[in-house]
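Just so we're clear, the structure is a prediction, and the values are computed from it rather than from any experiment. Each chain gets a letter, A, B and so on, in the order its sequence line appears, and its residues count up from 1.
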Number of protein chains: 2
Amino acid sequence: MKYSKLFGKTIKETPKDVTLVSHKLLYRAGFIRESTAGRYYLLPLGLRVQHKIQQIVKEEMDKSGAQEMIAPILHPKSLWEETNRTSSVGFELMSIKDRNEFEFVLGGTAEEMLVDLVRKFQISYKDLPFNLYQFSVKFRDEIRARGGLLRLREFVMKDAYSFHASEEDFKKEYQNMMDTYTKIFQRLSLKTEIVESDNGYIGGEYCHEFIVESMVGESRYLTDEDGYSAHEDVAKFLVESLAGSDEEMKPMEDVLGKGIIGVEELAKFLKIPVEKTTKTILFETDKGEVVAAAVRGGFDINEVKLMHIVKCNRLKLASAETVKKVTGADVGYAGVLNLPKDVKVYFDETCANRKNFEMGANRTDYHTINVNFGRDIPEEPKEFYDFKLAKMGYLSSNGKRLKAKKGIEVGNIFQLGFHYSSKMKGASFRDADGSEKPYYMGCYGIGLARTLAAVVEVYNDEKGITWPDNIAPFKVHIVGLDMEDEKVQKEAEKIYKLLLAEGIETLLDDRQNLSAGNKFADADLIGIPYRVVISKKTSDKLEVKKRSEKETRFLSLEELFKYISP
Amino acid sequence: MKYSKLFGKTIKETPKDVTLVSHKLLYRAGFIRESTAGRYYLLPLGLRVQHKIQQIVKEEMDKSGAQEMIAPILHPKSLWEETNRTSSVGFELMSIKDRNEFEFVLGGTAEEMLVDLVRKFQISYKDLPFNLYQFSVKFRDEIRARGGLLRLREFVMKDAYSFHASEEDFKKEYQNMMDTYTKIFQRLSLKTEIVESDNGYIGGEYCHEFIVESMVGESRYLTDEDGYSAHEDVAKFLVESLAGSDEEMKPMEDVLGKGIIGVEELAKFLKIPVEKTTKTILFETDKGEVVAAAVRGGFDINEVKLMHIVKCNRLKLASAETVKKVTGADVGYAGVLNLPKDVKVYFDETCANRKNFEMGANRTDYHTINVNFGRDIPEEPKEFYDFKLAKMGYLSSNGKRLKAKKGIEVGNIFQLGFHYSSKMKGASFRDADGSEKPYYMGCYGIGLARTLAAVVEVYNDEKGITWPDNIAPFKVHIVGLDMEDEKVQKEAEKIYKLLLAEGIETLLDDRQNLSAGNKFADADLIGIPYRVVISKKTSDKLEVKKRSEKETRFLSLEELFKYISP
């Protein structure tokens, strides 16, 4: 490709509002342009990189035994209703009617579509297992798109769906996919951590994210030195258990404590240890219910964990009006005493084994002390839950200190179990004994554009992008200087054609009347791995520089071929 | 690939309502499944073929100098409003709002998106020309989808858009694309004709379709032996001019002629030649206007030609109520005399040079005879038009008889001129003299799935599909018989691996307990070019048969490699 002909040239200015490095570099180097927020054009350079990433994903998926196919992008809405997902993902789902009033959703993920396909066949145990994957455009109606390719509203995702006769068989494929993803990200030069995570609206019981550690990532997770790694949404940790208490129960009383913020201050004020304080928070669910959740002072509530316990699709902090209506008090004084009967109460396990503890009085400015289960809260709760938020410094179940990290989620794998096959009629196979059984499923995703952005977040320096060899848009960038000189032009053209003849993808900067400084800056910005300079000074040795190194070499053409071969 | 593992096996039954051969065969052979009408899953076999077609299109487009990129599927509706296309394609266009009430359309073609991209750059005459193409999913909200892949509501299209400094430069690219398409369809083993056609809602002044002749095609076109080839919508033809008339004008009168159907009968009844009769038809436009169009008896009206003359987006026959309201008469007696002033009248050029002609009387059961321009129709029309429908047997402008053909449109190329750049603000380049000028454009499309279906319509026999070598899903189909026998299994596996090692795409039918007849029938149905049988009888020579031939050969492995190499 000649640079003079390339659509999508470099640009010096960074637009306002561009904060992410990957966004800035991909924009300035001419890889992408925004259409509307979260929807991008991939220009020729950008698409070349995405194709290479796609090819690597395809090769490894094929090696894993998965089979590529493709489903329509418009999914009949009725399928999403079968699994009740229109309500759980309603907020991210766009729906549309055709001229016949037939309703579709724009696919964000394709579990129902694949199950609907598979159930068109009469599947027997002999046909199982299989894993079907596709590269297709996905849509997410995100509240906010981030700049660049990190969080898009429209993007190509490799999504795969596996079907099994048993959980045991599924587990082999889950491991197979874990290994496949590990290879994929290795080939993409991305160091990933495999992190236990929440399944969001996908369903199923467990899943893992592949995360590239990055300060600009949106995934927060915790790890320990023994290999524990879990997303903040699901991370577990050890809590020092309270000494079993043989205290006498003291008389419960309300204490005036206006405007005391924070458990430390409250404990000091009440002259009790922090672990005797209780934080009670009211939430409203997507069904309009109000629930109260209580953790011991010193801990915070993890809303994702709580959501699963409450079994709702969304939770939000109750509004001040709701708090007032339910507790009779202003925000800040909620407890579980005397709540209306329809407010369900959940205790975190940190609340157990306590006597004479504190709690908001449901009375503005007041705290109740010496509260006891059994006596003041009619019964001991039947169940204590785990909805504590994990934090840096807490102890993992290995007894090691947790480290907090941030990263970019580039892939994920999900156990789905019978989540879909139990909800969708006819989603079954005929077993050896002739009986019809639901299949056991898993699903597996990789977002191509986000992966591309993650590579740029990792591979860059102050001058531009430093593409890994195997996904760079071109391998060699010939920078022609003095291109007004006919001899130089011919020489550059000659080397260019020799490289192409060897099957080496080459970009030739053939622009005339542009300074060497400008051309070098462009080459550094675009980030092609090998730069070859051709100018009036060029003799039989070519001036070659690797983008990621400082050193310049002088190589014959033969030596150049050797140098750049993998 | 082992057939036992392949997702999407053959099936014996053809579903009801399946009439097209390509639909039947692709369905039965396990290449496709329908999701909803006009939206299909491509199963692994089907996607393999589409990928090969796509690769050929890509190679030729790249060779032509075009550059691949990709635009979002959701287009801001405001762009389509800029060019006023929401009204012209409103009926095929689906639109959708996101959670922020931002309105999008699902792209059916991407002229506005590409212009919107290009105008983000400061394009100078040095950057021109360029041609950008993409493979992306397109949506058409068709009233009726046909079965199979011939007319889809969702499909992958290669669409390309070229930008030029002048018409002259564009014309070179138009020829370049014509040549590129010719090569593409040659490589796909499709014999195409290049047919002048109507540009529909794309805009511009001329365009050509690449059509594969087929009885199941929906494109009707006319050709002559001198190479004239035009879609029915635009085809022109010679009309024997009427002898210049020196007749005296006779007195005009209404004649009772109840229930006389057809011009022949009418001419006989009135004792006048057919060319003195007139067919007047009333239409309603999408703007709610009523227009009258008149052709000489013996000809029919081409609504597409008429639509361009009337300058509206849609035309439909006026309803009986409208006819009654406008003419005062029942359907069948319309003429242009005494029509309300707001009904615009169009005469086809066949109406010129006549005296004392007949016309519907706008009075139920009556025909007016001896009508004359100037006297009865106040003025001679300022302009006569050409909206006659061409038919088989008419004379082309070469003076040759026209032949009528039907075919499948697999590609099209459009001159767009300034149609988009004049309507979209900022769609311009800086010329050498510093002035801003709109660019001259063209666009070029190929639908992949329809092309795939066209191949199957051409390449099939009573047993199944007969894929051309270079786009077959696999090159070799090993049919293992007696696969219950361990020795045969091992032999089949060995040959399979040797073929794979040579890079030959191979499908191994490894199913056990299935008759030879069933396996051969499946192989014939799927249509892979070379069949190799391995059974107990196999010695050092392999039984090889080409799908398209009857003869069986016995070849050593070496000979097989040679035989199947291109």
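In summary, B:Glu142 and B:Arg153 do not engage in a salt bridge, as defined by a charged side-chain N under 4.0 Å from a carboxylate O. Between B:Lys316 and B:Asp286 there is no salt bridge, since no side-chain nitrogen of the basic residue lies less than 4.0 Å from a carboxylate oxygen of the acidic one. Taking 4.0 Å as the cut-off between side-chain N and carboxylate O, B:Lys58 and B:Glu68 count as a salt-bridged pair.
If you measure heavy-atom distances from A:Met1 to chain B, the contacts under 4.5 Å come from the side chain alone. Of the two parts of B:Ser95, only the backbone, made up of N, CA, C and O, holds a non-hydrogen atom closer than 4.5 Å to a non-hydrogen atom of chain A. Residue B:Phe155 does not touch chain A at all, counting heavy-atom pairs closer than 4.5 Å. Using a 4.5 Å cut-off between heavy atoms, A:Phe7 touches chain B through backbone and side chain atoms alike. Only the side chain of A:His51 comes within less than 4.5 Å of a heavy atom of chain B; its backbone N, CA, C and O stay farther away. In this structure, the portion of A:Thr36 lying under 4.5 Å from any heavy atom of chain B is its side chain and not its backbone. A:Ile70 touches chain B through backbone and side chain together, each having a heavy atom under 4.5 Å away. In this structure, the portion of A:Asn100 lying under 4.5 Å from any heavy atom of chain B is its side chain and not its backbone. The part of B:Arg33 that comes within reach of chain A is its side chain, from C-beta onward, which places non-hydrogen atoms under 4.5 angstrom from that chain. Only the backbone of A:Glu34 comes within contact range of chain B, with heavy atoms under 4.5 Å apart.
Remark: B:Arg48 qualifies as a cation-pi partner of B:Phe474 under the 6.0 Å distance and 45° angle criteria applied to the six-membered ring.
Using a 4.5 Å heavy-atom cutoff, the side chains of B:Asn513 and B:Glu484 are in contact. Residues A:Leu452 and A:Leu26 meet the side-chain proximity criterion, which asks for heavy atoms closer than 4.5 Å. Here the side chains of A:Tyr125 and A:Arg430 are not in contact, with every heavy-atom distance at 4.5 Å or above.
With chain A as the partner, the residue from B:Leu117, B:Leu47, B:Leu106 showing the most heavy-atom pairs under 4.5 Å is B:Leu117. Comparing B:Ile11, B:Asp116, B:Leu6 by heavy-atom pairs within less than 4.5 Å of chain A, the highest count is held by B:Leu6. Contacts with chain B were tallied for A:Phe130, A:Phe121, A:Tyr40; A:Phe121 has the most, counting heavy-atom pairs under 4.5 Å.
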